[in-house]
Amino acid sequence: MLSPDYFYEVSFLDALNAAQRQAVEATEGPVMIVAGPGSGKTRVLTYRIAYLLHQGVDAFRILALTFTNKAAREMRERVEQLCGSEARNLYIGTFHSVFARLLRAHAQRLGFPPEFVIYDTDDSRSLLKSIIKQMALSDTLYKPATVHNRISAAKNSLIGPEDYLRDVNLMADDAAAGRPRMGDLYAEYVMRCFKAGAMDFDDLLYRMHQLLTKFPDVLSRYQYHFRYILIDEFQDTNPAQYVIVRKLADVHQNICVVGDDAQSIYSFRGATLENMLHFERDYPERRLFKLEQNYRSTRHIVRAANRLISHNKLQLTKEIWTENAEGEPIRLLSALSDNDEGKMVVDALFEEKMHAHRRNRDFAILYRTHAQSRAFEEHLRRVNLPYVVYGGVAFYQRKEVKDLLAYLRLAVNPYDEESLRRVINYPARGIGETSLEKALVAAQEHQLRLWEVLERCNTYLPGNRSNAAINEFISKIKGFRLIAQQQNAFEAATHIARSSGLLQELYADKSVEGVHRYENVQELLNGIKEYTDLQLAPGAEAAPHVTADGEVLELTSPAGTLAAYLQEITLLTDQDRDDEQSDRVLLMTIHSAKGLEFPCVFVVGLEENLFPSLLSQNSREELEEERRLFYVAVTRAQQKLFLSHAAARYRYGELQYNEPSRFLREVDDSLLQRLHQRMPRARPQPEAFTPASQPLTGKPYVHQPSPDFVPDDYEHITEGMAVEHPRFGFGKVERIEGKSRDRIATIAFQAPVGAKRIMLRYARLRIVREESLGKSTG
DNA sequence: ATAAGTCATTTTTTT
DNA sequence: AATGACTTAT
């Protein structure tokens with residue numbers, strides 16, 4: 001069995017410690033790896049795959065599932081570094097993307113077209129909104145988001161609409177909440193998605209499970225195919241994911257899950273720690289490996305993390321340790337107000353940068369909610385430190401991008417109701433709400449799809465004034481459909497963008513924002529071109545769709561077509577786009593910091609009611625999840641950790657006073673070193689706070705109304721004026737449209753924000769003298 | 001049809 | 001404080 005070169009070949013395992021190596025070499029049978037933060041979890045996963053390949057396992061028999069595209073890409077790249085191009089044939093992807101592929105191959109079994117569309121959250125909610133309206137329910141009681149969450153939770157627990165309506169407990173819950181029709185909404189929603197040939201994100205799991213349950217031949221095919229299954233971030237899986245994976249692993253039983261119960265922070269989207277407990281129950285013979293040595297952080301930080309997490313009752317016993325240096329004590333910053341916190345944090349950051357000669361990107365400022373970023377942005381701008389805030393409006397969520405995608409989606413699948421409604425009157429072609437309303441009613445009445453009604457609008461909507469426009473629209477889309485079938489993705493998309501009138505509409509808008517939108521659409525088209533060229537390039541590598549023995553694993557649309565492109569793109573998100581490696585301070589929520597690490601970390605806003613959140617203090621479970629969130633935040637730090645809190649802050653426009661977070665007490669006092677003794681005895685008076693717009697002079701701010709300070713008075717802002725916005729910085733008003741409070745100003749802001757269009761109502765703009773523009777940048 | 005006024009909402013996020 | 005959704009007035 002062992003080749004003569006065995007020892008040479010596996011010498012790469014020398015890069016691992018004993019525990020890691022054991023976990024890598026235990027390839028057969030069920031395995032659970034509990035991996036603490038910074039313990040080399042990704043390393044173990046990649047080496048495990050590399051080791052399997054070295055053992056002669058065919059790459060396409062290995063299935064590795066992750067939560068994010070980024071994690072999947074990283075894993076593939078790292079295996080490729082170890083094993084070369086063989087890594088390309090690995091089945092690595094997110095749960096959603098892998099399942100989407102498998103579902104495409106067998107969609108017809110479930111009555112779906114192979115080119116089914118995937119509804120994102122917006123699509124789902126907009127569909128629900130229309131259903132709620134149609135069923136004449138109050139949309140304050142049945143908010144689309146609430147209903148969607150409920151449906152999503154049901155699907156993630158593999159509860160279908162019939163089960164839901166039959167479930168006494170669920171029905172009682174809904175009745176108690178005053179929403180007795182929830183089950184009916186669920187059923188109608190599922191039916192509408194089905195008719196539209198659409199699956200939402202949760203369907204990719206729910207329908208996958210259905211496929212495997214209803215069709216034993218499909219199940220056994222994949223059961224035999226995937227010899228080794230690996231799952232990353234197991235603590236974040238939901239019941240549906242776990243059940244599916246168990247089914248797939250049932251023949252070979254080579255299932256390896258890697259996770260850390262102490263880092264489970266996604267219960268609000270269905271993840272359950274119980275999966276980790278169930279794993280032990282379901283696989284009694286499973287082998288357990290614990291990776292507890294931390295290579296990331298100083299002893300101070302590791303000790304603080306352990307202290308903190310020991311307050312949680314619900315946990316598998318595990319204590320991380322490290323051989324790293326003691327490091328410096330954790331610093332505590334106590335600020336008077338949110339603005340003060342911004343100043344103290346930025347000052348400390350600046351000092352640390354100068355003192356230890358660090359780069360900007362060595363710093364991360366982590367907060368509980370997005371709204372907290374403002375104060376830090378303001379002060380970072382003031383000291384000229386470049387920064388980037390994670391989590392703005394996603395590219396693929398932008399209106400203009402979604403509009404074009406809707407046209408493309410329609411060309412592939414005209415039954416897609418959400419896309420149809422999105423573009424039927426955009427650009428305006430005289431098909432108003434009334435016609436659409438009528439068509440929807442007719443569709444309901446005749447049990448037809450919206451598209452089918454419109455196709456024969458003369459029959460179903462006799463005498464409707466806009467029938468001519470509808471017919472024209474329908475034949476246009478049919479034309480697009482032909483083109484999508486005959487030409488490649490880029491040609492088809494360009495044609496559709498032009499001949500739908502979308503491009504012209506955007507081109508006509510010469511405002512700064514309009515130009516941006518036009519550019520965004522162009523960028524989307526460029527992306528499509530890139531994709532097409534790559535797919536159709538001579539000698540393009542075969543995607544891992546075909547196994548070595550020639551078996552086609554799944555059929556997808558022909559490469560390079562619009563249909564194929566849409567399949568690839570739907571599951572991409574912003575974080576998968578331009579991964580700018582520029583030297584900037586990073587600002588983000590703790591949730592999005594998971595999986596990352598930084599030399600210096602600031603965890604800010606450590607106040608009761610904010611972190612832990614007010615809404616998380618109802619039950620012990622929720623509080624423990626907040627604590628795990630703090631644990632995640634603390635363990636992002638490699639060398640220096642700063643914690644900060646403010647005595648008072650504005651929330652929802654009101655001044656609130658909060659006690660320091662209980663989490664600060666839970667980290668041993670001896671580990672904390674106060675940077676400045678500033679905790680006030682008495683509550684500060686609101687007047688004492690630094691206002692949002694502090695003069696640049698650095699002199700203490702004196703609160704007195706000045707003639708050039710007009711916070712709310714939009715009438716005073718005129719074109720050509722130099723202004724300062726507390727968040728976006730300095731800029732020049734280029735253009736003003738509209739009247740009164742709906743006036744919109746186009747303001748060319750200086751870097752890093754760039755030109756930006758903002759509503760002036762309530763906007764806190766400060767008029768500044770022209771010369772301050774030159775000397776202040778962000 | 002457009003402008004102006006009212007009201008409700010407000011965690012975290014991936015796919 | 002800041003928005004988005006919705007309603008009322010002209």
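For clarity, every value in this text was computed on a predicted model and none was experimentally measured. Proteins get letters first, then strands, A, B, ... in listed order; numbering begins at 1 in each.
Between A:Ser613 and B:dT12, a side-chain N or O to OP1/OP2 separation shorter than 4.0 Å is absent. Between A:His370 and B:dT10 there is no side-chain N or O to OP1 or OP2 distance below 4.0 Å. In this model, the phosphate group of C:dC6 is approached by a side-chain N or O of A:Lys129 to a distance below 4.0 Å at OP1 or OP2.
In this structure, A:Asn339 atom CG and C:dA1 atom P are separated by 12 Å, rounded to whole Å. In this structure, the CZ atom of A:Arg636 is 15 Å from the C1' atom of B:dT12, given to the nearest Å. As rounded to whole Å, 9 Å separates atom P of B:dT12 from atom CD of A:Gln372. Counting to the nearest Å, the C1' atom of B:dT15 and the CE atom of A:Met199 are 14 Å from each other. Atom NE2 of A:His148 is separated from atom C1' of B:dT13 by 13 Å (rounded to the nearest Å). Atom-to-atom, CG of A:Asn156 to C1' of B:dT13 comes out at 13 Å; the value is rounded to the nearest Å. In this structure, A:Glu625 places its CD atom 13 Å from P of B:dT13, rounding to the nearest Å. Between A:Leu65 atom CG and B:dT14 atom C1' there is a gap of 15 Å when expressed in whole angstrom units.
For A:Asp416 and A:Tyr119, the side-chain atoms include at least one donor-acceptor pair closer than 3.5 Å.
Applying the side chain to side chain donor-acceptor pair (under 3.5 Å) rule to A:His148 yields the partners A:Arg125; only residues at least two apart in sequence or on another chain are considered. Taking the ring-ring contact (aromatic ring centres under 6.0 Å, His included) definition, one finds that A:Phe630 meets it with A:Phe611, A:Phe663, sequence neighbours left out.
For A:Asn69, the side-chain atoms get nearest to B:dT15 when compared with the rest of B:dT15, B:dT11, B:dT13. When each of B:dT15, B:dT11, B:dT12 is scored by its nearest atom to the side-chain atoms of A:Phe268, the top-ranked nucleotide is B:dT12. Closest approach to the A:Thr94 side chain among B:dT9, B:dT13, B:dT15 is made by B:dT15 (side chain taken as heavy atoms from C-beta onward). Closest approach to the A:Thr68 side chain among B:dT15, B:dT12, B:dT9 is made by B:dT15 (side chain taken as heavy atoms from C-beta onward).
The existence of a salt bridge linking A:Lys133 and A:Glu437 is confirmed by a sub-4.0 Å separation between a basic side-chain nitrogen and an acidic carboxylate oxygen. Remark: A:Asp122 does not engage A:Arg422 in a salt bridge, criterion side-chain N to carboxylate O under 4.0 Å.
The residue A:Tyr266 sits close only to the backbone: its heavy atoms come under 4.0 Å of sugar-phosphate atoms, none of a base.
Donor-acceptor pairing under 3.5 Å, judged by distance alone, is present between the side chain of A:Thr121 and the base of B:dT15.
Along DNA chain B, the nucleotide nearest A:Asp202 and the nucleotide nearest A:Lys143 are compared for position; the residue whose nucleotide lies closer to the 5' end is A:Lys143.
Taking the 5.5 Å centre cut-off and the 30° plane limit, the aromatic side chain of A:Phe67 is not classed as stacked on B:dT15.
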